[in-house]
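No experiment lies behind these values; they were computed from the predicted model shown.
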Amino acid sequence: MLQSKHGWVIGTRFTVRCFATKSVPKDESSYTGTINLPKTKFPARLNVEKRNQIEEQLRKNCFSQLYAWNRSNLPEKNEFILHDGPPYANGDLHMGHAVNKILKDLILKHKIISGTRVHYVPGWDCHGLPIELKALEAFNKKKKHGSTEARTTAVDIRNTARKFALETITKQKNEFESWGITGSWNDTANGYYRTLDPGYIRAQLRLFYELYERKLVYRDLKPVYWSPSSQSALAEAELEYDEAHRSPSLYLKFQLANCGTGCEAIEQLQRQGTDVHAAIWTTTPWTLPANQAICYNPSLEYCLVRASNGDILLIGKELVGYLSQELTLPFDVLQSITAAQLRGLKYHHPLNRAELLPFLPGAHVKAEKGTGLVHTAPAHGPEDFLVCLEQQIPVKNLIDDKGCYNKRASSFLVGKYALTEGNLLITDEVQHATLKLSTIEHSYPIDWRTKQPVMLRASDQWFIDTNSLKQLSLEAVKEVNIFPRTSAEVSKKVLEGQLRKRPYWCISRQRAWGVPIPVLYNTTSKQPIAHPLLLKAIEERLMKESSIDFWWTVPVEKLVPKEMLQQLNTSHDQLEKGHDILDIWFDSGTSWLTVLGKERVADLYLEGVDQFTGWFQSSLLTSIAARDRAPYKAIFVHGFAVDENGLKMSKSLGNVISPKSIVDRYGCDTLRWWVCAHAIQNTSIPVSHKLLASSAEGVQKLRGIFKFLLGVLNANGTLREKEPVIREDLLCHVDRYFLRQLTEFHRSIFQLYETYQHNRASAAILNFCLSTLSGLYLHVVKDRLYCGTRAEHENVVAILTQTYRVLSKTLWPIIPFLVEESWTFYGKDSFFQSSQPPTPSEPLEPCNSTKVIESALELRHSAYQQAQLNVNTWLLELVVECSAADLSFLSQLHPKLNVPESSSELCELLQVGSIHLREGATDASGRFAITVTKSEKPLCRRCRRYSLVTENPTSSDVCPRCEIVLNQRGR
């Protein structure tokens with residue numbers, strides 16, 4: 001039920017009343033053929049089988065041609081480019097896919113129906129760990145069933161992964177197409193892109209080499225997020241966080257070396273035979289073997305304290321109270337020490353007393369918790385790494401690819417898994433120096449696919465120098481518009497924050513399924529070698545074989561040109577191929593290069609909110625690196641689908657609602673309506689059968705309106721040759737009022753589409769259809785429509801023709817199946833190929849008809865409050881007294897004052913038999929004083945509106961108006 005601004009309730013009862021034909025008593029059957037009743041074969045409802053049949057026909061005969069028609073028939077000028085972020089080709093489609101693709105399609109269809117040509121090339125991300133894991137699962141299943149196949153090779157994995165990805169793309173593509181998504185789905189050359197296509201890989205390799213030449217890509221040993229379970233480096237976007245992870249919390253003392261420190265207070269204690277210790281705190285005891293320094297903050301003040309257990313500790317002065325409470329040890333402060341006095345200190349390594357290590361200044365050290373001194377292992381922390389890099393301290397790397405200690409570690413650790421066994425063994429080894437050991441529950445990064453903990457680990461990797469790109473990237477983001485507008489400021493800060501805190505971007509991965517980094521290495525020095533002749537050789541072979549698998553199978557001597565060897569003054573046996581692949585975020589982040597080229601910029605990128613750390617950022621950085629500008633002018637962000645309780649959908653919880661199940665039960669238009677109505681209101685998008693049923697009900701109401709309009713527009717149930725033209729001289733005030741409302745509706749809905757406020761658009765459409773159109777206008781004009789003169793009837797038909805076309809235009813982006821189905825009962829070809837009414841761009845100026853009708857509607861509301869609505873309102877006779885102000889408006893609808901009148905526009909609008917309008921006393925509200933009586937006169941047996949002149953007619957049983965109409969028709 002909807003409450004209109006005029007106060008009366010518009011709902012099912014009034015809607016049905018609008019569409020119902022007039023009941024005809026037996027003695028009036030002779031007039032049935034003279035009434036212009038709606039007539040159409042357009043079905044009021046569809047069963048599942050019929051709906052599926054119609055949707056399939058429309059996909060095949062209509063939507064399959066849409067993108068090509070759009071490219072051929074709409075002007076190239078001001079083309080709208082929406083660049084599609086590639087979904088993973090790794091499984092069935094879920095509600096996140098539906099939200100993403102349908103939101104994109106709403107925008108595309110709005111642009112097309114507005115006369116704007118669109119550029120949209122859907123794509124798929126075909127590489128990376130998610131798909132490789134699927135391939136490995138297949139091999140593991142074979143082994144479980146007793147397969148005797150040899151050890152799985154990189155090419156085996158690649159072949160299986162490729163097959164899986166291509167099969168998945170086919171399934172996903174068919175389902176996307178079934179939703180009516182705009183695209184050239186059958187054109188594998190130009191219709192969509194895949195990151196495994198040779199042309200895509202070639203463009204990516206060229207970009208890598210270009211950035212390498214410009215020193216924006218380099219290889220280095222740095223700590224990166226490393227997944228032992230995947231045995232690969234991970235990007236931040238590939239991390240999730242376990243909020244309940246438990247780690248050891250270790251407070252440890254490192255003994256200061258007794259060797260001319262430059263700090264008199266410490267040296268004096270040492271001369272007295274007293275040991276002094278630096279206190280540190282760590283939640284990663286497994287990193288202690290790689291400790292290479294202790295960092296202090298040059299801006300902080302430090303002090304020596306005597307603990308109640310006798311220990312002399314060096315700690316941050318601001319943390320004395322905190323640390324005493326943490327350790328449950330009372331402290332006596334002995335002496336304050338400036339940070340400058342720590343510069344010359346050295347200490348014994350906690351696991352190897354013979355190793356003396358330095359104190360180093362580091363601005364990253366804070367006085368918020370801990371001890372004010374930080375255990376520093378450059379192999380396992382970005383800040384640690386940078387501090388040691390500045391001091392030219394080589395990195396000690398003791399962890400292998402599997403997360404175990406390598407042979408360079410102490411013997412008791414070799415081969416032990418660092419995150420579990422390592423923590424236990426080391427905390428046991430340092431018991432003598434332990435101040436406190438407990439457990440802490442905190443947020444910890446885990447691998448997004450294996451759900452296992454990751455570690456920061458120094459590794460030789462390829463990086464993009466994001467520091468060189470940072471400032472230009474931040475400036476570019478300032479010019480980017482972000483939607484929805486309600487969260488634009490927060491979203492922009494998130495993107496800017498991600499860019500600011502990113503010191504470098506690791507773009508190499510140690511996996512088999514992906515694009516190989518096109519670099520050779522010197523077998524002795526391990527220095528990388530990138531060369532234009534190598535790149536050319538790779539490109540030629542890639543395009544010839546349509547695959548880059550040869551990188552793993554072809555030996556160096558068959559890959560490297562002789563000319564390159566001559567230029568480098570080397571030989572084949574001094575070269576070896578690397579086996580790293582490019583990060584999938586670099587892989588997908590360079591999609592703009594293949595789809596748009598180096599010149600064009602997308603008008604819009606549209607993806608989920610998680611892509612601020614993923615695709616939005618990788619696309620921006622690669623585009624800035626390659627051409628000094630962002631790849632997009634605007635970003636549209638949506639949230640994630642959850643169940644009605646706000647929980648993430650998962651098979652284990654049994655709360656999954658798939659798009660396919662929705663389409664099977666409710667139809668494609670219902671799925672699309674749900675997305676339009678709910679997908680951008682919040683970060684969490686609830687999916688429930690209650691909401692879906694509500695969406696289905698809304699679509700069904702719109703079908704009922706289309707059925708009525710088609711019945712009116714199709715004379716005698718057949719297509720009209722020409723559309724009727726509105727005659728200005730026959731327009732009533734209510735017609736002018738409605739046409740004005742229709743024009744403003746058209747303008748406002750398209751303005752909402754332009755600003756991506758789809759939820760507001762769907763609500764406004766439904767309200768207009770049920771309130772202004774169905775609840776008011778169709779209800780008021782049905783007498784003229786059914787029983788009026790030919791001219792009256794044709795003019796209302798002309799108005800409703802315009803209504804049907806505007807309504808179809810505004811609804812086509814959301815529920816195109818219903819619109820195109822209805823169009824098959826009205827026009828030729830498809831709706832999108834027909835000429836469209838122009839969209840008003842500016843709000844309308846106030847006009848007299850609006851005030852006149854609004855005053856009449858207020859009167860109608862007051863009258864209906866007094867009348868019994870279960871009585872035929874055409875039998876009601878009203879005496880209305882009103883103020884001079886209201887009379888000035890109402891008299892334009894009811895010119896005859898002070899006498900009863902039955903044929904005025906005001907009578908039609910109120911649907912009453914007669915009105916006696918005069919100026920006079922008003923009611924308590926100061927508006928209208930109304931007297932309502934019921935007429936006993938019989939109504940015309942044709943129109944059931946006008947009363948007959950006498951209760952016992954002898955010459956005629958119809959009213960004078962019907963008499964004229966019948967004479968026009970030749971009875």
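Using a 4.0 Å cut-off between a side-chain N of Lys or Arg and a carboxylate O of Asp or Glu, Arg214 and Glu210 qualify as a salt bridge. Using a 4.0 Å cut-off between charged side-chain N and carboxylate O, Glu355 and Lys346 make no salt bridge. In summary, Asp332 and Arg306 do not engage in a salt bridge, as defined by a charged side-chain N under 4.0 Å from a carboxylate O. Taking 4.0 Å as the cut-off between side-chain N and carboxylate O, Glu264 and Arg271 count as a salt-bridged pair. With respect to Asp311 and Lys253, a salt bridge is recorded, a charged nitrogen being found less than 4.0 Å from a carboxylate O.
Nearest heavy atoms, Phe385 versus Pro378: CB-O, 3.5 Å. Pairing each heavy atom of Leu621 with each of Leu499, the nearest pair is CD2-CD2, 3.9 Å. Closest approach of Ile280 to Thr371, counting heavy atoms only: CA-OG1, 3.6 Å. Of all heavy-atom pairs spanning Ser247 and Thr283, the tightest one is CB-O, 3.7 Å.
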- [ ] Please test Lys222 against Ser459 for side-chain hydrogen bond (donor to acceptor under 3.5 Å, both in side chains), starting from the C-alpha separation and ending with a verdict.
- [x] CA-CA 6 Å; Lys222 291 180 185 288; Ser459 177; over 6 Å; no

Open item on the list: Run His531 and Gln567 through side-chain hydrogen bond (donor to acceptor under 3.5 Å, both in side chains) and show every step you take.
Closed with: CA-CA 10 Å; His531 198 279; Gln567 291 181 12; 2.9 Å; yes

TODO: Evaluate side-chain hydrogen bond (donor to acceptor under 3.5 Å, both in side chains) for Arg502 paired with Gln617, printing each intermediate quantity in order.
DONE: CA-CA 11 Å; Arg502 190 170 200 167; Gln617 191 176 159; 2.8 Å; yes

Task: Working for side-chain hydrogen bond (donor to acceptor under 3.5 Å, both in side chains), residues Glu326 and Tyr251 - done: CA-CA 9 Å; Glu326 280 287 298; Tyr251 285 92; 3.2 Å; yes

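Under a cut-off of 6.0 angstrom, the local environment of NZ in Lys369 is sparse, with at most 12 non-hydrogen atoms contributed by other residues, nucleotides or ligands. Within 6.0 Å of the NZ atom in Lys470, the count of heavy atoms belonging to other residues, nucleotides or ligands exceeds 12. Glu243 CD: more than 12 foreign heavy atoms inside a 6.0 Å radius.
Residues Val454 and Leu234 form a side-chain contact, since some pair of their non-hydrogen atoms from C-beta on lies under 4.5 Å apart. No side-chain heavy atom of Trp462 sits under 4.5 Å from any side-chain heavy atom of Asp460.
Under the 30°/60° scheme for interplanar angles, the aromatic rings of Phe359 and Tyr296 are found to be tilted.
Of the N and O atoms on the side chains of Ser230 and Ser232, not one donor lies less than 3.5 Å from an acceptor on the other residue.
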